[in-house]
Structures are given as structure tokens and as C-alpha cells.
Visitor: 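A single structure is presented below for examination.
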Amino acid sequence: MLLNEEVSGRNSATRRQRRKRANFPTGKAFSSWLPEESAISEATQNALATLSGQHEATVDVER
């Protein structure tokens, strides 16, 4: 059990470190989005805005 926690902690730290180094943009919200400056169609932007805040359903898969 302790070994599992160690592995989980290291994996989590590695993931955080890689994301930080990748310098992905974060903290973006639709409230800061400027639709008139986007090449994305208005219909697509509206569809994406309706997904904001929705979470993906989890599916249990046997291994």
C-alpha cells in the first residue's frame, strides 16, 4: 500500500512538472474570449460555450 502511494505521488508530481514546462495557457474562460477576433465560426463558439463547466462521464472498464 505504501509503495502504491509513493508511485502515485511521483506520477502526480511528474505530470505537474511536465505541464508546467509545457507552458500551456491556463486560466482561460469564455468571459475573456473575444468572438469577433476568432476564426472559429459563431455556431461552433456557441456550441463550445454550452459545454463549459460540464464534466465527462466516467466509464468503468474491466482490466
Side-chain angles (χ1 to χ4, degrees):
M1 183 155 163
L2 185 58
L3 181 59
N4 289 339
E5 291 298 318
E6 176 72 19
V7 170
S8 175
R10 287 182 185 215
N11 287 342
S12 181
T14 299
R15 213 173 12 258
R16 283 192 307 273
Q17 192 176 47
R18 287 180 178 169
R19 288 177 181 162
K20 186 175 181 178
R21 274 189 271 149
N23 200 26
F24 292 128
T26 59
K28 299 273 181 174
F30 278 104
S31 61
S32 65
W33 183 259
L34 301 174
E36 63 278 358
E37 294 183 10
S38 176
I40 300 171
S41 74
E42 184 177 348
T44 301
Q45 291 181 53
N46 292 337
L48 291 171
T50 63
L51 298 175
S52 179
Q54 292 184 5
H55 303 285
E56 293 182 5
T58 57
V59 178
D60 293 327
V61 178
E62 291 184 26
R63 295 176 194 216

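The figures that follow rest on heavy atoms only: side chains count, while hydrogens, waters and symmetry mates do not.
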Visitor: So, using side chain to side chain donor-acceptor pair (under 3.5 Å) as the criterion, who are the partners of Ser41 when residues are at least two apart?
Guide: Thr44
Visitor: Any donor and acceptor pair, going by atom type alone, linking the side chain of Ser38 with main-chain N or O of Pro35 inside 3.5 Å?
Guide: no
Visitor: Donor-acceptor pairs under 3.5 Å, side chain of residues 3-16 to any protein atom, not counting sequence neighbours: which ones?
Guide:
residue	atom	partner	partner atom	Å
Glu6	OE2	Arg10	NE	2.5
Glu6	OE2	Arg10	NH2	3.0
Asn11	ND2	Val7	O	3.4
Ser12	OG	Arg16	NH1	2.8
Thr14	OG1	Arg10	O	2.9

Visitor: Taking salt bridge (Lys or Arg N to Asp or Glu O under 4.0 Å) as the cut-off, I'd like each qualifying pair that reaches into residues 36-48, sequence neighbours left out, listed once.
Guide: none
